[in-house]
Q: 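Please read through the structure below; I'll follow up with questions.
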Amino acid sequence: MKLTIIGSTGSFPGPSSPASCYLVSAHDGQRPWRILLDLGSGSLGVLQRYMDLKDIDGVFLSHLHPDHCMDLCGLHVAVRWDPMGWGRDRIKVWGPADTAERMATAYGMDPEPGMTEEFDFINWVPRQVVELGPFRITAYPVRHPTPEAYAIRVEATEDLFGDVRTSVLTYSGDTDSCEGLIEAAEDADLFLCEAAYEEGRDDAIQGIHLTGKRAGEAATEAGVRRLLLTHIPVWTDTNTVINEAAEVYEGGLAAAVSGVTYGVLSGDRLEPPKTSAMSRIPAPKSNTRALPRQ
């Protein structure tokens, strides 16, 4: 299983990254499968550097704040108005119970049919396993100020030339410290965990986000092999939250960076996937002329 960081900036897109979006890929022995964990503001454009949108096998939303779901509106346009025709089934979207209505409202659509002709919306059932290709995906309720917020555990069993391996990725979504987060992350190979707040600066704010220290504490309690901090807003210093986590967590530790791909089991940085879609787009013809010499 591979994880490509599409967007890792917290709360809104930053100058070097979109908001939350993570491309996860695994092979079932027949073909590669690709799922998205969140599709936050600004992420759809960057995603197309790494895959053809028609190859999305499923979208899994942690919650419905715009920095985690709003580019679903753009994907709706890509599906509905493709002049060559979409030519694929509806994209399956797992999320909170009111996902379909919220997306329709965001785009100014009547809820019926809303975006249901483009997306097959499926409500999360907490702790119920979703099987999709080589993936087993489970949502765990976490602590964040929205009616439904989830951490997402992704397990993939792959048979690569007779070598069968199972790897586990846990994505925190947005959360403060809670039991659901520990349950989701237990023994994960890679823990992709938010760290939006800093110790000292944000101590008075409870029930919204983790600090680097609280993320590290969760990683230690859950026994994860590697911790990758993400959802770091522009006003939070990356080195600060890394150092906070390092004080309480002894495993592999880094911060997520847009465009970087990791092997979930190995922890290695890998070459990012290349989309075949880009090769089909002709280079634009120039209509400019050289400036005259002065």
Q: Could you check whether the rings of H209 and Y197 sit parallel, tilted or perpendicular, using 30° and 60° as the cut-offs?
A: perpendicular
Q: Can you find a pair of side-chain heavy atoms, one from D71 and one from C21, that are under 4.5 Å apart?
A: no
Q: Write down the atom of P96, the atom of W124, and the distance for their closest heavy-atom approach.
A: N-CD1, 3.8 Å
Q: With a 4.5 Å cut-off on side-chain heavy atoms, are H144 and I208 touching?
A: yes
Q: With respect to V24, which candidate in I35, L192, L36, I137 satisfies the side chain to side chain contact (heavy atoms under 4.5 Å, CB included) definition?
A: I35
Q: Which atom names give the shortest non-hydrogen contact between A215 and C193, and what distance separates them?
A: CB-SG, 3.7 Å
Q: Do the side chains of L132 and M51 join up, straight or via other hydrophobic residues, at under 4.5 Å, putting them in one cluster?
A: no
Q: Between H68 and H63, how do the two ring planes meet: parallel, tilted or perpendicular, split at 30° and 60°?
A: tilted
Q: For a side-chain contact (heavy atoms from CB on, under 4.5 Å) check, start with the C-alpha distance between C69 and T99, then their side-chain angles and the critical distance, and finish with the verdict.
A: CA-CA 9 Å; C69 69; T99 301; over 6 Å; no
Q: For S62, run the side-chain hydrogen bond (donor to acceptor under 3.5 Å, both in side chains) check against T146, T175, D174, D38 and tell me which one passes.
A: D38
Q: Could you check whether any side-chain heavy atom of D187 comes within less than 4.5 Å of a side-chain heavy atom of V168, counting everything from C-beta outward?
A: no
Q: Starting at CD of E101, measure out to OG1 of T116 and round the result to the nearest 0.5 Å.
A: 12.5 Å
Q: Tabulate below the donor-acceptor pairs under 3.5 Å that side-chain atoms of residues 218-226 make, not counting sequence neighbours, or state none.
A:
residue	atom	partner	partner atom	Å
T220	OG1	G216	O	3.1
T220	OG1	V248	O	2.7
R225	NH1	D189	OD1	2.9
R225	NH1	L265	O	3.3
R226	NH1	L265	O	3.2
R226	NH2	S266	O	2.8

Q: Taking all non-hydrogen atoms of both residues into account, name the closest pair between G58 and W94 and its distance.
A: CA-CZ3, 4.5 Å
Q: Using modelled atom types and a 3.5 Å cut-off, is there a donor and acceptor pairing between side-chain atoms of Q48 and backbone atoms of L44?
A: yes
Q: Classify the side-chain pair T236/R201 by whether it contains a donor and acceptor separated by less than 3.5 Å.
A: yes
Q: Does the side chain of Y262 reach to within under 4.5 Å of the side chain of R269, using non-hydrogen atoms?
A: yes
Q: Taking a hydrophobic cluster as the set of Ile, Leu, Val, Met, Phe, Trp and Tyr residues connected by side-chain heavy atoms closer than 4.5 Å, whether directly or through intermediates, do L37 and V257 fall within one such cluster?
A: yes
Q: Considering residues, nucleotides and ligands other than E183, do more than 12 of their heavy atoms fall under 6.0 Å from its CD?
A: yes
Q: Heavy-atom distance under 4.5 Å between the side chains of M115 and R90, does that happen here?
A: no
Q: Check D202, D176, D203 against R214 for a salt bridge (charged side-chain N to carboxylate O under 4.0 Å, His left out) and give me the one that passes.
A: D176
Q: Less than 3.5 Å apart, which donor and acceptor atoms pair up between the side chains of residues 6-14 and the rest of the protein, not counting sequence neighbours?
A:
residue	atom	partner	partner atom	Å
S8	OG	A256	O	3.4
T9	OG1	S17	O	3.4

Q: Within the 4.5 Å heavy-atom criterion, are V130 and F60 side-chain neighbours or not?
A: yes
Q: Does some side-chain heavy atom of T4 sit less than 4.5 Å from a side-chain heavy atom of S25?
A: no
Q: Give the intermediate values and the outcome of salt bridge (Lys or Arg N to Asp or Glu O under 4.0 Å) for residues E247 and K213.
A: CA-CA 7 Å; E247 292 177 1; K213 180 181 179 181; 5.9 Å; no
Q: To the nearest 0.5 Å, how far apart are OH in Y140 and CZ in R127?
A: 7.0 Å
Q: Under a 4.5 Å side-chain heavy-atom rule over Ile, Leu, Val, Met, Phe, Trp and Tyr, are I91 and Y50 clustered together?
A: yes
Q: Go through the steps to decide whether L228 and L3 satisfy the test side-chain contact (heavy atoms from CB on, under 4.5 Å), and finish with yes or no.
A: CA-CA 11 Å; L228 189 61; L3 166 69; 4.1 Å; yes
Q: Can you check side-chain contact (heavy atoms from CB on, under 4.5 Å) on F135 and L169, steps first, answer last?
A: CA-CA 11 Å; F135 298 111; L169 166 70; over 6 Å; no
Q: Closest approach of F121 and A100, non-hydrogen atoms and distance?
A: CD1-CB, 3.5 Å
Q: To the nearest 0.5 Å, what is the distance between CD1 on I242 and OH on Y249?
A: 11.0 Å
Q: Please check if atom CD in E271 has more than 12 non-hydrogen atoms from other residues, nucleotides or ligands closer than 6.0 Å.
A: no
Q: Please determine whether residues L253 and V241 belong to a single hydrophobic cluster, defined as Ile, Leu, Val, Met, Phe, Trp and Tyr linked transitively by side-chain heavy-atom distances below 4.5 Å.
A: yes
Q: What closest approach, in Å, do M70 and A106 show between heavy atoms, and which atom pair accounts for it?
A: SD-CB, 3.8 Å
Q: Looking only at the side chains, is there a donor atom on one of Y22 and T230 sitting less than 3.5 Å from an acceptor on the other?
A: yes
Q: Calculate, to the nearest 0.5 Å, the distance between atoms OG and CD belonging to S172 and E194 respectively.
A: 5.0 Å
Q: Quick check: does any side chain N or O of D82 sit under 3.5 Å from a backbone N or O of M84, one acting as donor and the other as acceptor?
A: yes
Q: Using the salt bridge (Lys or Arg N to Asp or Glu O under 4.0 Å) rule, take R31 and D57 through it: C-alpha gap first, then chi angles, then the decisive distance, then the call.
A: CA-CA 12 Å; R31 70 170 179 90; D57 290 301; 3.0 Å; yes
Q: Rounded to the nearest 0.5 Å, what separation is found between the CG atom of D55 and the CZ atom of R34?
A: 5.0 Å
Q: Mind listing the closest non-hydrogen atom pair of M1 and A156 along with its distance?
A: SD-CB, 3.7 Å
Q: Return yes if a side-chain donor-acceptor contact under 3.5 Å exists between T211 and E199, otherwise no.
A: yes
Q: If you measure from CG on L72 to CE on M103, what distance do you get to the nearest 0.5 Å?
A: 6.0 Å
Q: Do the side chain of E148 and the main chain of A97 share a donor and acceptor less than 3.5 angstrom apart?
A: yes
Q: Answer yes or no: is there a side-chain heavy-atom contact under 4.5 Å between T157 and P134?
A: no
Q: Do you reckon L61 sits in the same ILVMFWY cluster as Y150, going by side-chain contacts under 4.5 Å, direct or chained?
A: no
Q: Is there a donor-acceptor contact under 3.5 Å from the side chain of R153 to the main chain of A188?
A: no
